[in-house]
Amino acid sequence: MITDPLFFAAAVPAVLVMGVSKGGFGSGLGLMATPLVALTVPTPQAAAILLPILMVMDVTGLFAYRGTFHRGNLLLLLAGGVTGIALGTLTFRHFSEAGIRLLLGAMAITFVVHRLRLGGTKAPAVAPSRPRGFFWSTVAGLTSTISHAGGPPLNVYLLPLKLDKAVLVGTTVIFFAVINAAKVVPYFWLGLFDAGNLLTSLVLAPLAPVGIVLGVWLMRRLSQEVFYRVAYAMLVIVGAKLLWDGARGLAA
């Protein structure tokens with residue numbers, strides 16, 4: 001088990017931020033958890049430690065948002081997500097993490113700029129689309145497998161639908177609960193789990209429901225308009241962070 005105080009100095013806030021983001025906004029700033037933990041351990045190890053914690057968060061989130069999701073989208077999104085996991089598993093060792101982050105960051109920023117040109121949170125809702133839904137959920141499954149970075153692609157599809165805030169978060173919670181559970185076998189197959197990582201996950205796991213509960217509390221106190229403004233702002237912050245990490249990684 002990891003005992004380095006510097007690791008826990010990074011991991012404790014990372015888990016709490018990840019929980020608040022998942023519980024209150026579906027995704028977003030939680031994407032920064034893996035890079036933050038990866039300041040003290042290799043990125044694959046950080047991803048392996050965080051996956052069991054994410055699954056604890058998923059259980060808490062499923063209880064908090066039980067029965068609240070967009071029925072017209074969920075099955076399609078899950079089909080794309082599982083397809084993305086398969087692609088991510090087969091290509092895990094071949095993808096450049098820096099390249100993935102750079103591409104995701106560019107996608108996120110371009111999407112927000114496009115929505116702002118249409119009126120931002122005032123832009124009209126976009127109708128659900130099976131091709132777009134399958135494509136973006138596949139990208140989300142792939143990038144989630146590689147570095148738990150599936151939030152931005154899923155948001156690119158879901159945010160323009162302008163769903164009720166609880167329905168949006170509930171749909172995202174269910175999506176990633178299934179995706180994270182489905183990643184367990186590939187992670188074992190790739191040799192990312194060991195006793196030390198699992199024990200470290202166990203020590204950090206009690207923080208998971210704390211973050212989720214804080215996130216749900218925040219979501220319930222925000223108006224629909226403010227919720228979407230925060231969601232778009234989080235996507236910009238995450239996109240900028242991804243662009244920075246990707247550019248720095250490619251330049252190294």
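In this chain, numbering begins with 1 at the start of the sequence shown.
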Just jot down the side-chain contact (heavy atoms from CB on, under 4.5 Å) partners of L161, sequence neighbours excluded, or say none.
-> N73, P128, Y157, L158, L163

Results of side-chain contact (heavy atoms from CB on, under 4.5 Å) for V173 - residues two or more places apart only | L62, Y65, V169

Between side-chain atoms of residues 233-252 and protein atoms elsewhere (two or more places apart, or another chain), which donor-acceptor pairs fall under 3.5 Å?
residue	atom	partner	partner atom	Å
K241	NZ	D245	OD1	3.2

Summary of salt bridge (charged side-chain N to carboxylate O under 4.0 Å, His left out) pairs that have at least one residue in residues 51-78, sequence neighbours excluded = K22-D58

What residues join L76 in its hydrophobic cluster, counting side-chain heavy atom gaps under 4.5 Å, either direct or through other members?
-> F134

F188: partners by ring pair (Phe, Tyr, Trp, His ring centres under 6.0 Å), with sequence neighbours left out = F193

Which residue pairs pass the side chain to side chain donor-acceptor pair (under 3.5 Å) test when at least one of the two sits in residues 188-197, sequence neighbours left out?
-> Q45-N197

Considering residues at least two apart in sequence or located in another chain, which fulfil the side-chain contact (heavy atoms from CB on, under 4.5 Å) criterion with V203?
-> M1, F8

Can you name the side-chain contact (heavy atoms from CB on, under 4.5 Å) partners of V226, sequence neighbours left out?
-> L222, S223, V230

Which residue pairs pass the salt bridge (charged side-chain N to carboxylate O under 4.0 Å, His left out) test with at least one member in residues 209-221, sequence neighbours excluded?
-> none

Where is the tightest heavy-atom contact between I85 and I179, given as atom of each residue plus distance?
-> CD1-O, 3.5 Å

Which pair of heavy atoms, one from A64 and one from V216, lies closest together, and at what distance?
-> CB-CG2, 4.0 Å

Which pairs pass salt bridge (charged side-chain N to carboxylate O under 4.0 Å, His left out) with one or both residues in residues 78-88, sequence neighbours excluded?
-> none

Which residue pairs satisfy the ring-ring contact (aromatic ring centres under 6.0 Å, His included) criterion with at least one member in residues 207-229, sequence neighbours excluded?
-> F25-F227

